[in-house]
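Structure record follows, encoded as structure tokens.
Note that the coordinates shown come from a computational prediction; the quantities given were computed from them, not determined experimentally.
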Number of protein chains: 2
Amino acid sequence: MPNAKYDHQEAINKATRLFWAKGFHATSMRNIQQAIDMRPGSIYATFGSKEALFSKAIQHYTSTSKDRLNAYVESSTSPLTGLKKFIEDSIAGGQTSAPSTMCMLVKTIAELTDDNADLLAEAKRLLQDLESAFADVLARAQKMGEVDAARSPEYLARYLQMQIMGLRTYAHMQGSKEQVMELIDGVFHSLTGQEHLSP
Amino acid sequence: MPNAKYDHQEAINKATRLFWAKGFHATSMRNIQQAIDMRPGSIYATFGSKEALFSKAIQHYTSTSKDRLNAYVESSTSPLTGLKKFIEDSIAGGQTSAPSTMCMLVKTIAELTDDNADLLAEAKRLLQDLESAFADVLARAQKMGEVDAARSPEYLARYLQMQIMGLRTYAHMQGSKEQVMELIDGVFHSLTGQEHLSP
DNA sequence: TTTTATCTTGAACGATCGTTCAAGGGTAGT
DNA sequence: ACTACCCTTGAACGATCGTTCAAGATAAAA
């Protein structure tokens, strides 16, 4: 790119934050143009369409989320405490003031229909990716005896994924940070308690 | 109304199902016109605006949900089994083939922003109403010894509300009905188990 | 400096959005 | 049969949607 004026990665980053905050339909291409300071011609030459840009956005979101999870797990004394820190940070929001406490992928599958079948399918696939990342962490936690080994990491990850969806959505609905933290503690007690996870 | 051609209640019912399936933004007034077989003039004379009609819709949804919950609780051998049947029916969907496994109010707070501040606030308020209904049921379950009495019904309802949000959203993401039912069982084990709910 | 290739610009397009309103239709009361 | 009143109709409005494209700007190659 001999004549590249814009930083495409930074553009995707800003577009991601905007889509995350407002959703797919409520974010107009004119909003995007203003946020990333590009004119329609450049945007369409670079990304192709609103759908394609949104696709880049949810991919970027997922990649960043995975990185953040792994960073917490690596820098913590144990996989499980790293996992908890990741969840608390996702909801309470550290310095990285996120556009929403809700998961961007959950917002996406909540909003989109078959009118955007490709995006919907991809959001579901990316959520499965994140679930796999949870399974990896939980498998490591099992080997360290932090979590009941009688249940498969896949089941535990499924359970955790569902809990995180609920927690982040609940946090978006209700203001009290204290009560949400209490719910997080409740979730982790049910996760470490061995006898109450099995169906 | 000496000259009323349309059944307004049935119109609200159909509009609710459409909004529930497609969300606020993706549902156009022309979609509504077709679904309820009314022309724009009549719709606006009756309901005032798209926002006002959507407000009626989420109120109707909440009212129906509460009725369905109470019906399950009354017709069951115990409050807790009624609660579980309500949840299973909400997700698996009985004969009432719902437009979505996801909670309409969750979809609403996931999609809307401050651009529709009134609707957003009302959806949150209606979710609190449902949480109160859960608290009533859980208090009755406590008196019957089905649920740990050491925790307040308000906390338990908060916990349950969060779980339902997660369960229904997860069910919408992932196809396997079997795995979702397994998760529901897991939730109820954590709800009945006394030692693992406290933070 | 001139040419060439690449990227950017912004006006403009057709489609669709939520909404309005003058005109028409139908029922009830006289 | 006539009036009065309510409800319904559907064309039309301005705004905004996602997207396109000819023209201009810019930097590397010759």
Side-chain angles (χ1 to χ4, degrees), chain A residues 1-16 18-58 108 111-120 122-123, chain B residues 1-16 18-58 108 111-120 122-123:
Chain A
M1 301 166 211
N3 219 346
K5 176 177 174 185
Y6 297 120
D7 181 342
H8 291 173
Q9 197 53 46
E10 183 55 23
I12 290 176
N13 191 39
K14 285 180 177 172
T16 300
L18 196 58
F19 275 131
W20 188 358
K22 303 188 58 174
F24 181 75
H25 286 118
T27 305
S28 71
M29 288 307 285
R30 282 168 179 83
N31 293 148
I32 297 276
Q33 291 163 30
Q34 181 181 1
I36 70 181
D37 191 34
M38 285 174 76
R39 261 40 64 193
S42 286
I43 295 178
Y44 279 83
T46 307
F47 301 108
S49 68
K50 185 187 184 184
E51 283 207 336
L53 178 56
F54 190 83
S55 175
K56 289 275 186 194
I58 57 179
T108 299
E111 180 189 0
L112 295 188
T113 66
D114 287 338
D115 296 344
N116 305 99
D118 291 347
L119 288 180
L120 183 55
E122 189 172 31
Chain B
M1 303 167 208
N3 220 345
K5 175 177 175 186
Y6 297 121
D7 182 343
H8 292 172
Q9 197 54 44
E10 184 54 25
I12 290 176
N13 190 39
K14 286 181 178 170
T16 300
L18 196 58
F19 275 132
W20 187 0
K22 303 187 58 174
F24 180 76
H25 286 118
T27 305
S28 72
M29 288 306 285
R30 282 169 178 81
N31 293 148
I32 297 276
Q33 291 162 30
Q34 182 181 0
I36 69 182
D37 190 34
M38 287 174 75
R39 261 41 63 194
S42 286
I43 295 178
Y44 279 84
T46 307
F47 302 108
S49 68
K50 185 185 184 185
E51 283 207 335
L53 178 57
F54 189 83
S55 175
K56 289 275 186 194
I58 56 179
T108 299
E111 181 188 0
L112 295 187
T113 66
D114 287 338
D115 295 344
N116 305 98
D118 291 347
L119 288 180
L120 183 56
E122 189 172 30

Check the distance between [N]'s [atom2] and [X]'s [atom1] and give it to me in whole angstrom.
X        : N      : atom1 : atom2 : answer
B:Lys22  : C:dT16 : NZ    : P     : 13 Å
B:Phe47  : C:dT20 : CZ    : C1'   : 18 Å
B:Ile36  : D:dC7  : CD1   : C1'   : 14 Å
B:Asp115 : C:dC17 : CG    : C1'   : 15 Å
B:His25  : C:dT16 : NE2   : P     : 18 Å
A:Leu53  : D:dT19 : CG    : P     : 10 Å
B:Asp7   : D:dC7  : CG    : C1'   : 15 Å
B:Met29  : D:dA12 : CE    : C1'   : 16 Å

Of all the choices, D:dC17, C:dT8, C:dG18, which nucleotide is nearest to the side chain of B:Ser28 once you look at every atom? C:dG18
What's the shortest heavy-atom distance between [X] and [Y], and which atoms?
X       : Y        : value
A:Phe47 : A:Ala52  : O-CB, 3.1 Å
B:Ser55 : B:Glu122 : OG-OE1, 2.7 Å
B:Thr46 : B:Met38  : OG1-CE, 3.9 Å

Residue closer to the 5' end of DNA chain C, B:Gly41 versus B:Lys50 (nearest nucleotide):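 In this pair, the answer is B:Lys50.
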Residue pair B:Lys50, B:Phe19: steps toward the side-chain contact (heavy atoms from CB on, under 4.5 Å) verdict: CA-CA 11 Å; B:Lys50 185 185 184 185; B:Phe19 275 132; 4.1 Å; yes
On DNA chain D, does the nearest nucleotide to A:Pro40 precede the nearest nucleotide to A:Ala26 from the 5' side, or the other way round? Give the residue.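 Nearest nucleotide further toward 5': that of A:Ala26.
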Considering just the side-chain nitrogens and oxygens of B:Tyr44, establish if one lies under 4.0 Å of OP1 or OP2 belonging to C:dT20. no
